Amino acid sequence: MKLHLPADAAAKALGAEKVAAALKAEAQKRGIALELIRNGSRGMIWLEPLLELATPQGRFAFGPMTPEAVSAFFDDPAAHPLALGRTEDLPWLKRQTRLTFARCGVIDPLDLADYEAHEGLAGLRRALEMEKPALVQEVTESGLRGRGGAGFPTGIKWKTVSEAPGPKKYIVCNADEGDSGTFADRIIMEGDPFTLIEGMIIAGLATGAEQGYVYIRSEYPDAVNVMSKAVEIGRAAGLLGRSVLGSERAFDMEVRVGAGAYVCGEETSLLNSLEGKRGIVRAKPPLPALQGFLGRPTVVNNVISLATVPIILARGAQFYKDFGIGRSRGTIPLQIAGNVRYGGLFETAFGLSLREIVEDIGGGTASGRPVKAVQIGGPLGAYFPQALFETPFGYEEYAGQGGLIGHAGLVVFDDRADMLQMARFAMEFCAVESCGKCTPCRIGAVRGVETVDRIARGDRRAVGILKDLCETMKSGSLCALGGFTPYPVMSALTHFPEDFARAQEAAE
Amino acid sequence: MTLISSPASGPAVSARVSEIVAANAGREGPLLPILHEIQQEFGHVPEDAVQVIAEGLNLGRAEVHGVISFYHDFRKLPAGRHVLKICRAEACQSMGSEALGERARAKLGLDWGETSADGRVTLEPIFCLGLCACAPAAMLDGELRARLDEASLDALLKEARA
């Protein structure tokens with residue numbers, strides 16, 4: 001009997017290890033030879049732990065699986081109360097366009113042969129036959145933009161590094177996924193690490209870099225573990241090292257672990273941290289592309305940007321570019337989170353409306369209460385009210401509504417959320433996590449908390465001060481931490497003024 | 001009791017730190033890997049390590065101290081036998097994590113960042129474990145828990161106090 005059960009951190013947090021133990025014990029009791037593959041997550045977190053039974057008709061899903069339900073599963077899988085039918089036919093999965101996450105949840109994450117059998121390394125093999133400018137051109141034409149949040153065209157960044165002079169260049173993968181509501185980096189590193197490795201090698205080929213680093217946050221021990229093992233396997237298999245797949249080209253990489261500083265998700269602060277310094281933000285220019293890690297030309301890309309490169313090379317720029325809207329090309333892994341019924345990772349072309357995402361795909365709130373707000377793009381993203389739910393999902397479309405898509409995490413709140421408290425939290429978080437280099441962020445966030453507290457006490461004059469302060473932080477901060485904290489604060493104030501007026505009404 | 005929370009010191013510590021520094025000195029940007037390894041070994045970064053690292057990497061003591069104090073992860077003192085981290089980020093807040101955090105603080109009699117007097121448990125906030133679609137989440141000694149409610153939190157607190 002061949003079974004698949006995710007070893008993804010979310011599946012584990014929902015009891016996958018206990019299910020695995022029960023499966024093994026039951027199989028042994030019944031004298032059944034069990035092949036249990038620990039795959040990544042398919043992203044349907046509300047169904048985790050999602051057990052799959054491999055049959056000649058395809059894989060059949062059962063979930064959310066519990067240790068107590070294991071015995072009945074062995075009795076008769078087809079009649080099991082948790083049986084969901086063929087995994088591929090589940091509507092939540094069927095509606096997606098899985099390009100970056102095509103293999104995630106399907107293959108054994110650390111089985112390189114399984115990876116190759118599912119279109120893995122096809123992009124790299126093609127890239128090895130291409131010249132640097134053609135490679136850069138292909139990525140530029142695909143329209144791929146930085147999936148970490150900034151949305152900078154990946155190909156342009158690569159071009160700068162490719163043309164920069166210097167004997168040594170680097171590919172640095174930003175896996176410091178600290179934004180609440182986001183887990184796409186974690187899921188792909190745990191579920192399909194070779195796609196990230198392949199993407200980094202291709203980036204190396206395109207720019208002339210021969211060394212890469214993946215900087216993973218310490219809050220992701222499972223991802224660190226899987227990525228580290230994958231790098232070792234890649235080295236042993238000749239994928240990484242002096243001769244990539246037997247070619248004349250060299251590329252090697254190393255996994256590095258952060259130490260619990262949110263600001264290190266900012267690229268220049270990440271580079272300082274990687275160099276062994278405090279994670280202080282650097283002023284730009286110079287751009288990291290010209291003077292990055294150890295002062296050398298460096299590509300700093302998000303996990304999803306790099307993990308998407310293999311399919312672009314395998315299928316061609318045009319294939320990827322054909323998905324999406326406006327200047328947002330290709331697919332985006334939406335992470336639907338918070339107070340939501342069907343939470344998880346949903347990869348689809350850009351362009352869905354927020355209403356479709358939250359109500360149709362997400363199924364509304366988990367609590368069953370009305371949706372009050374959705375925060376998009378992490379702690380630095382804006383809170384959108386129902387009135388903005390028709391906004392199509394895209395970089396420019398969100399910017400036009402005073403928001404940002406960030407890393408495409410969406411956190412749903414029901415009508416019990418107090419938006420004044422959420423604004424206060426945004427300022428408090430910024431104050432705690434500020435690296436301290438620039439005044440608008442370091443001092444502004446502390447004053448921000450105090451000012452929100454004044455409003456909470458009914459001091460109406462403080463509203464103007466808060467707006468002023470947000471303006472100063474937005475235009476005066478060195479990086480996105482201080483610069484974007486005004487997004488959640490101002491959106492809360494603009495769209496939910498009643499939450500800021502409550503104390504005043506009480507005072508009157 | 002006090003033994004549990006007293007920092008490691010002395011020649012044995014310096015010798016081991018020296019080894020760790022030497023083993024990593026050839027890497028590009030060796031300081032974070034060194035600090036992680038030291039903390040892995042001792043459960044914290046002992047004060048005595050600072051001088052050894054500074055000499056080994058040709059850095060100022062202030063610089064090494066600055067790095068240690070910048071990052072939330074590095075401890076100056078050992079943690080309790082169990083470390084319970086409860087997520088306080090937005091996605092978990094949307095599912096009631098603040099109330100659970102209050103409950104944990106009240107039941108353990110600890111504020112965020114404190115260790116119980118008997119050295120059994122340290123309570124810490126954490127900002128995002130990437131379990132945002134199955135919030136609220138927590139981590140006990142590296143083991144993840146999701147979709148916490150009052151009952152499962154109480155069970156977790158019982159484990160933490162064991």
Side-chain angles (χ1 to χ4, degrees), chain A residues 9-10 12-14 45-46 48 177-183 185-187 211 213 218-223 254 256-262 264 273-280 293-294 335-340 343-345 366-367 375 378-379 409 411-414 417 422 425 429 433 435, chain B residues 24 27-37 39-40 45 53 57 59 63-75 85 87-99 124-140 142-148 152:
Chain A
K12 282 186 182 169
L14 293 167
I45 303 298
W46 89 95
E48 296 290 2
E177 186 181 48
D179 290 350
S180 174
T182 65
F183 42 85
D185 298 354
R186 180 185 70 66
I187 286 190
Q211 176 66 40
Y213 289 97
S218 61
E219 293 86 345
Y220 283 179
D222 291 275
E254 203 183 297
R256 287 289 175 92
V257 183
Y262 175 76
C264 288
S273 182
L274 201 57
E275 290 179 8
K277 300 173 183 159
R278 289 184 294 153
I280 302 279
F293 184 56
L294 302 173
Q335 298 130 78
I336 309 169
N339 195 332
V340 68
L345 183 140
S367 60
Q375 186 180 29
V411 179
V412 181
F413 291 82
D414 72 14
M422 298 318 293
F425 178 79
F429 185 73
E433 295 299 331
C435 82
Chain B
N24 285 285
R27 300 169 82 172
E28 293 176 314
L31 187 49
L32 253 61
I34 286 171
L35 292 173
H36 275 303
E37 214 172 314
Q39 178 143 311
Q40 178 87 28
V45 181
I53 298 169
L57 298 183
L59 295 171
E63 221 166 320
V64 176
H65 174 78
V67 172
I68 295 170
S69 59
F70 182 85
Y71 296 96
H72 297 304
D73 281 5
F74 300 125
R75 303 174 189 283
K85 298 183 182 194
C87 181
R88 297 191 66 195
E90 289 90 338
C92 285
Q93 285 184 35
S94 77
M95 290 298 281
S97 65
E98 285 302 281
E124 288 180 347
I126 193 164
F127 291 91
C128 201
L129 291 159
L131 303 176
C132 321
C134 46
M139 180 154 78
L140 178 63
E143 200 183 302
L144 298 164
R145 305 291 169 88
R147 254 182 236 136
L148 286 175
S152 53

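Chain naming here is simple, since letters A, B, ... match the order of the sequence lines and numbering starts at 1 in each. Keep in mind that this is a model prediction, so the values were computed, not measured. Hydrogens, waters and symmetry mates are skipped; everything else that's a heavy atom, side chains included, is used.
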How far apart are the closest heavy atoms of [X] and [Y], and which atoms are they?
X: A:A261; Y: B:F70; value: CB-CE2, 3.9 Å
X: B:L144; Y: A:A9; value: CD1-CB, 3.5 Å
X: B:G130; Y: A:R186; value: O-NE, 3.0 Å
X: A:M422; Y: B:E90; value: CE-CG, 3.9 Å
X: A:Y213; Y: B:E28; value: OH-OE1, 2.5 Å

In the structure I gave you, are the side-chain heavy atoms of [X] and [Y] within less than 4.5 Å of one another anywhere?
X: A:V257; Y: B:D73; value: no
X: B:R27; Y: A:E254; value: yes
X: A:E275; Y: B:L31; value: no
X: B:E63; Y: A:K277; value: no
X: A:S273; Y: B:L32; value: yes

- Closest-packed option against chain A by number of heavy-atom pairs under 4.5 Å, given B:C132, B:G29, B:A135: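 Ranked by heavy-atom pairs under 4.5 Å with chain A, first place is B:C132.
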- If you measure only the distance, is there a donor-acceptor pair under 3.5 Å linking the side chains of B:H72 and A:E433?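 Per modelled atom types, B:H72 and A:E433 side chains form a pair under 3.5 Å.
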- Task: Examine the side chains of A:S218 and B:Y71 and answer whether a donor and an acceptor come within less than 3.5 Å of each other.
- Result: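 The answer is no; no qualifying pair exists.
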Under 4.5 Å from any heavy atom of chain B - which part of [X]:
X: A:Q335; value: neither
X: A:D185; value: neither
X: A:L294; value: side chain

Rounded to the nearest 0.5 Å, how far apart are [atom1] of [X] and [atom2] of [Y]?
X: B:C134; Y: A:L14; atom1: SG; atom2: CG; answer: 4.5 Å
X: B:L129; Y: A:F183; atom1: CG; atom2: CZ; answer: 13.0 Å
X: A:F429; Y: B:F127; atom1: CZ; atom2: CZ; answer: 6.5 Å
X: B:M95; Y: A:F413; atom1: CE; atom2: CZ; answer: 11.5 Å
X: A:E219; Y: B:K85; atom1: CD; atom2: NZ; answer: 7.0 Å

Has the side chain of [X] got a donor or acceptor atom that lies under 3.5 Å from a matching backbone atom of [Y]?
X: A:R278; Y: B:S69; value: no
X: A:S180; Y: B:C128; value: no
X: B:S94; Y: A:N339; value: yes

- Item | Interface moiety of B:I126 toward chain A, non-hydrogen atoms closer than 4.5 Å |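 Just the side chain, heavy atoms under 4.5 Å.
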Under a 4.5 Å heavy-atom cutoff, which of [options] has the most pairs with chain B?
options: A:G344, A:G279, A:C435; value: A:G279
options: A:A337, A:A259, A:G276; value: A:A259
options: A:A223, A:G343, A:G181, A:S367; value: A:G181

